[in-house]
J.: 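Mind having a look at this structure? Questions to follow.
In each ligand, atom 1 is the first atom listed, and ligand 1 is the first ligand listed. Residues take their numbers from the sequence shown, with the count starting at 1.
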Amino acid sequence: MSPSRPRIVAGNWKMHGSRALLRALVPAVQQGLPAAGRCQVVFCPPAVYLGELAGLLQHPRCAVGGQDVSAHVSGAYTGELAAAMLLESGCRYAIVGHSERRRYHGESSELVAAKATAALSAGLLPIICIGETLADRESGRTWAVLSAQLTAVAELLQQPRASEIVLAYEPVWAIGTGRTATPEQAQDVHAQVRNWLQEQASAIGKPMLAGQLPILYGGSVKADNAAALMAQPDVDGALVGGASLQADEFIAICRSAD
Ligand code: PGA
């Protein structure tokens, strides 16, 4: 982690949890989290709990995030949530392009870019997820896949609020499998993403941007592997699934990022 970049640990509950879990876990995490620390902690529960979550937050380092956001401002889009609605429900962040959205909902990189643009324009911080499958990795296509996903969102770097973009590298083969990328594998990809950012940012005359954007790692992050991952120079935090549903695990991960 770099001393200058923001550090973020975001807990993506996916379609897990309940109101009872929300009411038990959120206060427990806030209690276990030292007031002073480097990382921002983001809870991303299912959307129906966002409003209640916002009311439970008391810790200066905790924030609310949506798991997805619509590419549209408003309109006849049944089931979708506009960025302005997420903001109104207390969100500061929105995850976009999670591999489960790409895979089960057929979201293309272009749609992901449109969602990220909608989020950023409305005042949210988009957490843009990229990641390769095991087949991609085994066939040596990791960077080809990741760079295509990144290219689709490159235009966002031109936005006035581009410095608020967050990237998350989540190898699909590591999500929910218990098979984490090694710290070296994560750093290797994060450094490539940082180089890509450097090229893009320089090309548009914003060279500082590349060093400013946090790149989170996600995929089976747990209390016992978080510190080694966060110790890598280009890993600026974590996007946590399963372990964010257990207060002790999640607190320990947040503390590793402090
Ligand atoms: P996991 O999920 O921590 O349960 O592997 C990570 C994610 O999908 O963001």
J.: Looking at residues at least two apart in the chain, or sitting in another chain, which of them share a ring pair (Phe, Tyr, Trp, His ring centres under 6.0 Å) with His16?
T.: none
J.: May I have the step-by-step check of side chain to side chain contact (heavy atoms under 4.5 Å, CB included) for Leu213 and Val166, ending in yes or no?
T.: CA-CA 6 Å; Leu213 303 193; Val166 180; over 6 Å; no
J.: Does this structure show an ion pair linking Arg161 with Glu164, if we count only N-O contacts that are shorter than 4.0 Å?
T.: yes
J.: Does the residue Lys14 have a heavy-atom contact with ligand 1, meaning some pair of atoms that are separated by less than 4.0 Å?
T.: yes
J.: Answer yes or no: is there an ion pair linking Asp236 with Arg7, defined by an N-O contact shorter than 4.0 Å?
T.: no
J.: Quick one: look up the protein heavy atom nearest atom 4 (O) of ligand 1 and list residue, atom name and how far away it is.
T.: Gly242 N, 2.9 Å
J.: Report, in ascending order of atom number, the atoms of ligand 1 lying under 4.0 Å from any heavy atom of Ala174.
T.: 5 (O)
J.: Does a side-chain heavy-atom distance below 4.5 Å link Arg61 with Cys39?
T.: yes
J.: Would you say ligand 1 has an N or O under 3.5 Å from any N or O of Gly176?
T.: yes
J.: Going through the distances and angles, do Glu100 and Lys14 end up as a salt bridge (charged side-chain N to carboxylate O under 4.0 Å, His left out)?
T.: CA-CA 9 Å; Glu100 287 152 17; Lys14 311 190 179 184; 2.8 Å; yes
J.: Could you tell me, atom by atom, which parts of ligand 1 come under 4.0 Å of a heavy atom of Ser220?
T.: 1 (P), 3 (O), 5 (O)
J.: Which residues satisfy the side chain to side chain contact (heavy atoms under 4.5 Å, CB included) test with Gln185, sequence neighbours excluded?
T.: Arg137, Trp173, Ala181, Thr182
J.: Nearest protein heavy-atom contact for atom 6 (C) of ligand 1: which residue, which atom, what distance?
T.: Gly241 N, 3.5 Å
J.: Within ligand 1, which atoms have a heavy atom of Gly219 less than 4.0 Å away?
T.: 5 (O)
J.: Taking only heavy atoms of Leu239 into account, list the atoms of ligand 1 that are under 4.0 Å away from them.
T.: 9 (O)
J.: At less than 4.0 angstrom from any non-hydrogen atom of His98, what atoms of ligand 1 do you find?
T.: 7 (C), 8 (O), 9 (O)
J.: Please could you name the atoms of ligand 1 that Glu170 approaches to less than 4.0 Å, counting only its heavy atoms?
T.: 6 (C), 7 (C), 8 (O), 9 (O)
